[in-house]
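Presented below is the structure to which this report refers.
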Amino acid sequence: VDGSGCISLKEFTEFLAKIGRQPSTKEHQQKLLRMFRRKDQDNTETLDFQEFLQLLREWANEEAREVRNRELDCAEKAGYTEEEVEEFRVLFQKANSGAGAIGADEIIEVFRHFRVALKQHRDYIKILLEDFSPRQYWFGPADPAVQFPEFLLVLKAMQDAKIVG
């Protein structure tokens, strides 16, 4: 990034932040540091382009594993079958604008297509999102959002409250 042809841990972390994939917890930061050090085979505290690509792939795979584990955990907590999870994934993908997370307005909009009016439940949906959403997925200070795993828990809560069938 600085023109040296190599990237430091700081530069790599800044790059991840720019693409919305930065480590969000202390545990994730430590994991990234360990991964970086493993890829830095010449111990220069920088990565060449090949090492950078390898680390980027490893980080993406780690994120995918974590999301999948959260998804399985949330599906189990909600009591959903694999078939139901796949149906809900389609709903989520229809609502998701590419941010990887959806908020109350997106949930209301996707259900509107199925002729289910949720506008009057917007405040309740926001409360559910606040309850289930890690802060790093919020669109703004008062605009909580959830990724797909937590979306399953929000749907279950909406079903339990008889808002949706």
If you measure from [atom1] on [X] to [atom2] on [Y], what distance do you get to the nearest 0.5 Å?
| X | Y | atom1 | atom2 | value |
| --- | --- | --- | --- | --- |
| Phe12 | Leu47 | CZ | CG | 7.5 Å |
| Leu153 | Ser133 | CG | OG | 11.5 Å |
| Arg122 | Asp105 | CZ | CG | 4.0 Å |
| Cys74 | Leu155 | SG | CG | 11.0 Å |
| Leu128 | Ile163 | CG | CD1 | 6.5 Å |
| Glu76 | Leu152 | CD | CG | 12.5 Å |

Hydrophobic clusters here meaning ILVMFWY residues chained together by side-chain heavy-atom distances under 4.5 Å, can you tell me if [X] and [Y] are in one?
| X | Y | value |
| --- | --- | --- |
| Val116 | Leu129 | yes |
| Ile19 | Leu9 | yes |
| Phe114 | Leu118 | yes |
| Met35 | Leu33 | yes |

Taking it one step at a time, do Met158 and Val154 satisfy side-chain contact (heavy atoms from CB on, under 4.5 Å)? CA-CA 6 Å; Met158 289 170 62; Val154 170; 3.8 Å; yes
Residues two or more places apart in sequence or in another chain: which of them pass side chain to side chain donor-acceptor pair (under 3.5 Å) with [X]?
| X | result |
| --- | --- |
| Asp123 | none |
| Asp131 | none |
| Asp160 | Lys156 |

Would you say [X] and [Y] make side-chain contact, with heavy atoms under 4.5 Å?
| X | Y | result |
| --- | --- | --- |
| Glu106 | Asn96 | no |
| Glu86 | Val90 | no |
| Asp48 | Asp42 | no |

Does [atom1] belonging to [X] count more than 12 external heavy atoms closer than 6.0 Å?
| X | atom1 | value |
| --- | --- | --- |
| Glu63 | CD | yes |
| Glu82 | CD | no |
| Glu83 | CD | no |

For the student: nearest non-hydrogen atoms of [X] and [Y], plus distance:
| X | Y | value |
| --- | --- | --- |
| Lys126 | Pro144 | O-CG, 3.7 Å |
| Tyr124 | Ala157 | OH-O, 4.0 Å |
| Ala75 | Val85 | CB-CG2, 3.6 Å |
| Ala145 | Ala101 | CB-CB, 3.9 Å |
| Glu51 | Thr46 | OE1-O, 3.8 Å |

Only counting residues at least two apart or in another chain, list the ones meeting ring pair (Phe, Tyr, Trp, His ring centres under 6.0 Å) with Phe92.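 For Phe92 the ring pair (Phe, Tyr, Trp, His ring centres under 6.0 Å) partners, ignoring immediate neighbours, are Phe148, Phe151.
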Once the angle between the rings of Phe15 and Phe52 is folded into 0 to 90°, is it parallel (under 30°), tilted (30 to 60°) or perpendicular (over 60°)? perpendicular
Please identify which of these residues, Gln50, Arg34, Glu58, meets the side-chain contact (heavy atoms from CB on, under 4.5 Å) condition with Lys39. Glu58
[X]: partners by salt bridge (charged side-chain N to carboxylate O under 4.0 Å, His left out), with sequence neighbours left out:
| X | answer |
| --- | --- |
| Asp73 | Lys77 |
| Glu66 | Lys31 |
| Lys10 | Glu14 |
| Arg65 | Glu62 |

Begin with the C-alpha distance, continue with both residues' side-chain angles, and end with the deciding distance and a verdict on side-chain contact (heavy atoms from CB on, under 4.5 Å) for His28 and Leu32. CA-CA 6 Å; His28 287 130; Leu32 179 62; over 6 Å; no
Partner set under side-chain contact (heavy atoms from CB on, under 4.5 Å) for [X], not counting sequence neighbours:
| X | result |
| --- | --- |
| Leu53 | Phe49 |
| Glu84 | Tyr80, Thr81, Phe88 |
| Glu109 | Arg112, His113 |
| Arg68 | Glu71, Leu72, Arg89 |

May I have the step-by-step check of side-chain contact (heavy atoms from CB on, under 4.5 Å) for Ile102 and Val110, ending in yes or no? CA-CA 11 Å; Ile102 61 174; Val110 78; over 6 Å; no
